[in-house]
Amino acid sequence: MAESKNFSNGSIMAFIFFFAAFLASGSSTAQVPFLMWSTKSLPSLTSPPAGHITSMEELAAYLTPVFGSGSNTVLLFLQDKLSKDDFTLFGGVFGNKEESAFRNLEAALQSSSSSVSFPALEWTGESAIPTLLQQKLGASPLLVDPDTLSHLSLNTSTSNLLIINLPYCSDSLKSCKEVLSNNDEIIGKVLSSLKAKDVSYTAAYTGLQPSQAILKSSLLNQQVGRTLLQAPAADVKAPIIFSNTTGFPCIMLWAQNLSISPPGSTDFIDLAQENATVIGSMCNSTNSELVLTYVNYILRFAMSQRFYPVSARNWFTLDSVQVQVHSSGQTASFVGSHGIYAPAEYSFHCQSVSSVRDTLLVPANQNATQWKLNFVDFQIQGFSLANGTNFSYASDCASFFTAGIWMGLVTSLLMLLIFVYGLHMIMQLNTMDRFDDPKGPTISVPQSD
């Protein structure tokens with residue numbers, strides 16, 4: 001329900017409200033903090049569950065034994081707005097009292113006989129707390145000016161409810177910290193006046209409303225939990241499929257870009273962004289042809305398969321790629337069988353199929369030399385589509401051992417051989433086992449013819 005604390009310094013109070021704000025931040029209920037301290041002993045409370053929001057019924061149940069018997073003088077410091085964030089931002093954490101805007105409040109909590117804090121009290125209206133205290137005390141509230149409190153005569157034989165209104169920075173040109181510091185000076189001045197009169201009292205500090213309202217509707221529209229901070233993946237377009245007379249797919253093609261550049265043009269036209277028909281396509285057990293008809297162009301992919309005894313399996317090749325212009329009937333043919341091939345039961349994939357760089361498409365006639373073709377992320381299969389509308393295992397055009405890998409391996413091997421030969425030569429070096437003695441006869445080495 002609440003938390004009973006004897007604050008030793010400002011950092012403890014700021015930490016409590018920061019922790020409570022963190023735990024209750026996911027709630028959609030508006031809350032105000034409620035601090036109460038007294039020169040008399042207050043009933044102790046059990047520690048509330050983490051993130052608990054105290055209801056007005058729970059507060060009323062706690063105040064019943066506090067004001068149950070005898071006369072009580074209650075000071076209610078009622079600020080226009082107040083929230084846990086005010087203590088977190090301006091409470092002078094880590095024991096830095098000089099920066100705290102609540103130095104008198106902290107001193108009062110520390111020097112009081114006992115104190116109770118409700119970090120998150122359910123806010124039900126601006127008059128809820130004054131009305132509750134009025135009911136518990138059975139006394140009418142008295143609005144007090146802090147400057148004239150010292151001249152006020154209090155009848156301590158009956159209960160008194162004194163309300164001191166405090167402003168908030170939302171209605172002031174001053175900074176929030178300066179306004180809260182001025183309010184804290186008022187609290188210290190009022191408490192000093194009562195102490196000078198030797199009056200026992202119970203004080204409470206709260207707000208008419210939260211300084212930062214929590215809108216339930218805004219929280220309901222927010223996604224709860226962790227989310228990946230990444231852009232949603234773009235929709236992947238479906239491959240182009242041609243089905244035979246029985247309705248089963250027999251040719252499949254997918255490419256991110258099918259770019260062509262006509263003669264005399266430096267710009268590429270991406271046909272993959274246009275819709276195409278497959279009218280005129282055909283397929284059988286040995287040959288297949290995919291005809292893609294666009295608005296201004298026609299692309300033809302002719303494939304065939306045959307058995308190779310050396311590998312003991314069937315292979316298919318992309319024999320030719322043909323581009324035709326609708327308006328003029330101009331045709332350009334390219335041969336692809338030299339580099340575009342795969343086992344018949346596989347599909348063929350290559351990141352770049354081009355007639356310009358790393359040419360897998362070789363011009364078949366003089367007219368084709370003036371055209372430029374570039375297919376990006378190209379994959380095609382003309383036979384054995386056993387997976388329905390999915391490609392079979394892809395045979396990629398990039399071999400495992402590229403020219404760069406072979407150059408690195410050969411160079412490394414050569415360097416290793418040089419190192420081993422040098423090490424072997426060093427190990428074969430022998431030092432002399434006999435030397436000249438300057439005091440003895442010289443060594444003579446007979447030489448024979």
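Residue numbers run from 1 in the order of the sequence given.
- Although no hydrogens or angles enter the test, the distance criterion places a donor-acceptor pair under 3.5 Å between the side chain of Gln381 and the main chain of Ser384.
- Residues Val335 and Leu361 form no side-chain contact, since every pair of their non-hydrogen atoms from C-beta on lies 4.5 Å or further apart.
- When all heavy atoms of Cys350 and Leu360 are compared, the closest pair comes out as SG-CD1, 3.8 Å.
- The backbone N or O of Ser259 lies less than 3.5 Å from no partner atom in the side chain of Asn257, so there is not a single donor-acceptor pair.
- Of all heavy-atom pairs between Leu258 and Ala255, the closest is CD2-CB, 3.7 Å.
- Aromatic rings of Phe87 and Phe102 (six-membered ring for Trp) have centroids within the 6.0 Å cut-off, being under it.
- Atom-to-atom distance recorded for Ile241:CD1 and Asn390:CG is 8.5 Å, nearest 0.5 angstrom.
- Between Ser281 atom OG and Asn244 atom CG the span is 12.0 Å, to the nearest 0.5 Å.
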Does the pair Glu289 and Arg300 meet the rule for a side-chain contact (heavy atoms from CB on, under 4.5 Å), with working shown? CA-CA 7 Å; Glu289 184 179 19; Arg300 287 186 172 89; 3.3 Å; yes
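- Counting heavy atoms from C-beta outward, Lys372 and Pro262 have side chains that stay 4.5 Å or more apart.
- Heavy atoms of other residues, nucleotides or ligands lying less than 6.0 angstrom from CZ of Phe334 number more than 12.
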Start with the C-alpha distance between Gln273 and Asp270, add both sets of side-chain angles, then the distance that settles side chain to side chain donor-acceptor pair (under 3.5 Å), and finish with yes or no. CA-CA 6 Å; Gln273 304 301 322; Asp270 186 9; 3.1 Å; yes
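- Judged by distance alone, with hydrogens and angles left aside, the side-chain atoms of Thr411 form no donor-acceptor pair with the main-chain N or O of Gly408 at under 3.5 Å.
- When side chains are defined from C-beta on, Leu166 counts as touching Tyr205, because their heavy atoms get closer than 4.5 Å.
- Within a 6.0 Å sphere centred on CG of Asn284, heavy atoms belonging to other residues, nucleotides or ligands number more than 12.
- Using a distance-only test at 3.5 Å, with no hydrogens or angles considered, a donor-acceptor pair links the side chain of Asn104 to the main chain of Asp184.
- Between Met282 and Ile251, the closest heavy-atom pair is O-CD1, 3.4 Å.
- Within the 4.5 Å cutoff, the side chain of Met36 has no heavy atoms near those of the Thr206 side chain.
- The closest donor-acceptor contact from the side chain of Asn367 to the backbone of Thr331 lies under 3.5 Å.
- The line from CG of Leu75 to CD1 of Ile187 is 10.0 Å long, rounded to the nearest 0.5 Å.
- Checking Asp319 against Ser304 by side-chain atom types alone, a donor-acceptor pair falls below 3.5 Å.
- The closest donor-acceptor contact from the side chain of Thr359 to the backbone of Val362 lies at 3.5 Å or more, if one exists at all.
- If you take SG on Cys176 and CZ on Phe90, they are separated by 5.0 Å, rounding to the nearest 0.5 Å.
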Side chain to side chain donor-acceptor pair (under 3.5 Å) between Ser38 and Thr202: does it pass, once the steps are laid out? CA-CA 4 Å; Ser38 179; Thr202 298; 3.0 Å; yes
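- Applying the side-chain contact (heavy atoms from CB on, under 4.5 Å) rule to Val323 yields the partners Ile260, Tyr297, Leu299, Trp371, Leu373; only residues at least two apart in sequence or on another chain are considered.
- Shown here are the salt bridge (Lys or Arg N to Asp or Glu O under 4.0 Å) partners of Glu122, two or more places apart in sequence or in another chain: there are none.
- Side-chain contact between Met252 and Leu385 is present, with at least one heavy-atom pair separated by less than 4.5 Å.
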Please determine whether side-chain contact (heavy atoms from CB on, under 4.5 Å) holds for the pair Ser114 and Trp37, giving the CA-CA distance in whole Å, both sets of side-chain angles, and the decisive distance to 0.1 Å. CA-CA 6 Å; Ser114 59; Trp37 65 99; over 6 Å; no
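- Between Gly339 and Phe348, the closest heavy-atom pair is O-CE1, 4.0 Å.
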One pair to check against side-chain contact (heavy atoms from CB on, under 4.5 Å): Asn183 and Phe77. What are the steps and the verdict? CA-CA 9 Å; Asn183 293 345; Phe77 297 97; over 6 Å; no
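- In this structure the side chain of Thr54 never reaches within 4.5 angstrom of the side chain of Tyr62, judged on heavy atoms.
- Using cut-offs of 30° and 60° for the angle between ring planes, the Tyr308 and Trp315 rings count as perpendicular.
- The main-chain N or O of Ala128 is never found under 3.5 Å from a side-chain atom of Trp123 such that the two would form a donor-acceptor pair.
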Please test Leu82 against Gln79 for side-chain contact (heavy atoms from CB on, under 4.5 Å), starting from the C-alpha separation and ending with a verdict. CA-CA 7 Å; Leu82 185 65; Gln79 192 166 280; 3.5 Å; yes
Where do Asp396 and His349 land on the side chain to side chain donor-acceptor pair (under 3.5 Å) test, with the steps shown first? CA-CA 5 Å; Asp396 203 278; His349 174 267; 2.7 Å; yes
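- Not one N or O on the side chain of His424 forms a donor-acceptor pair closer than 3.5 Å with the backbone of Phe419.
- Between the side chain of Ser261 and the main chain of Asp267, a donor-acceptor pair closer than 3.5 Å is present.
- At least one side-chain heavy atom of Met56 sits under 4.5 Å from a side-chain heavy atom of Leu132.
- Within the 4.5 Å cutoff, side-chain heavy atoms of Phe301 are placed close to those of Leu318.
- Atom CD1 of Ile279 sits about 10.5 Å away from atom CZ of Phe242, to the nearest 0.5 Å.
- Without hydrogens or angle criteria, Lys237 side chain to Gln256 main chain gives a donor-acceptor distance under 3.5 Å.
- Smallest separation of non-hydrogen atoms from Val32 and Gly207: CG1-O, 4.2 Å.
- Here the shortest heavy-atom pairing between Phe307 and Arg313 reads CE1-N, 3.4 Å.
- Tyr346 is linked by a ring pair (Phe, Tyr, Trp, His ring centres under 6.0 Å) to Tyr393, counting only residues two or more places apart in sequence or in another chain.
- Atoms CD1 and CD1, from Ile163 and Ile129 in turn, are 10.5 Å apart once rounded to the nearest 0.5 Å.
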